[in-house]
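These notes concern the structure reproduced below.
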Amino acid sequence: MFFSIFLLAILPYIAHCACPTIISRSDWGARAPRQRTNLREVPPPYVVVHHTEDPVVCTTKDACKRKVKNIQNYHMDDPKHRWDDIGYNFLIGGDGNVYEGRGWGRFGSHARRFNGKSIGIALIGAFTNTTPSQTQLNALKDLLACGTEKNYIRSNYHMIGHRQEKDTSCPGDRLYNEISTWPHFDSSIRPH
Ligand SMILES: [Zn+2]
């Protein structure tokens, strides 16, 4: 009896530390990758944040699943890309869910200089003039906390926005301004 009360009392804290629900590739209907390559540095020392530049942020799981499928098709089939798989390691929907892209430990295709030593995470939406919802930002924070806790990301990782890797507006001014206030943000990285 005491134990079950104790368990109930600490449950919220356990839940807080747990990883967010990650919608698996099979759940969103991913195509098989042409090939998979592992990261060069494990656990990776960098996290690169992107936006997908979608003018509409999906707010339901069904809509976000469709969006993630479209992004995968675009990355794999568009002649400009023809990548092996969806470019990002993870995507975060406006529904607050994390969608598995290439996943942990995999070489991505999202920021050339960092693909072998980072986790690339894209927030679905366009964040030049709009700020992501708190739900979407919290999902990103939870995923990062989970990643360091499980050693999928180095505990002293450096976080950057895509624009610090090359000349691009990604991840949008508003999202960039937001992450630049977060503890692991590294302003010293510049495109070259
Ligand atoms: Zn980007």
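None of these values were measured; they are calculated from a predicted model. Atoms considered below: every heavy atom in the structure, side chains included; atoms not considered: hydrogens, waters and symmetry mates. Order of listing sets the numbers, starting from 1, for every ligand and every atom in it.
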Tabulate below the donor-acceptor pairs under 3.5 Å that side-chain atoms of residues 119-130 make, not counting sequence neighbours, or state none.
unit_1: Thr130; atom_1: OG1; unit_2: Ala126; atom_2: O; d: 3.0

Applying the ring-ring contact (aromatic ring centres under 6.0 Å, His included) test to Tyr88, which of His162, His50, His51 qualifies?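 Looking at His162, His50, His51, the match for Tyr88 under the ring-ring contact (aromatic ring centres under 6.0 Å, His included) is His50.
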With 2.8 Å as the limit, count the protein N, O or S atoms near the Zn ion (ligand 1).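 There are 3 of them.
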As a quick check of understanding, evaluate side-chain hydrogen bond (donor to acceptor under 3.5 Å, both in side chains) for Arg40 and Asn115, giving each step before the final call. CA-CA 9 Å; Arg40 240 181 268 139; Asn115 285 332; over 6 Å; no
Please say whether more than 12 non-hydrogen atoms of neighbouring residues, nucleotides or ligands are located less than 6.0 Å from NZ in Lys141.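 Enclosed.
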So how far is it from Ile22 CD1 to Cys146 SG, rounded to the nearest 0.5 Å?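 Interatomic distance, Ile22 CD1 to Cys146 SG, rounded to 0.5 Å: 5.5 Å.
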According to the interplanar angle, ranging from 0 to 90°, do the rings of Trp104 and Tyr152 count as parallel (below 30°), tilted (30 to 60°) or perpendicular (above 60°)?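 Aromatic pair Trp104/Tyr152 classed parallel.
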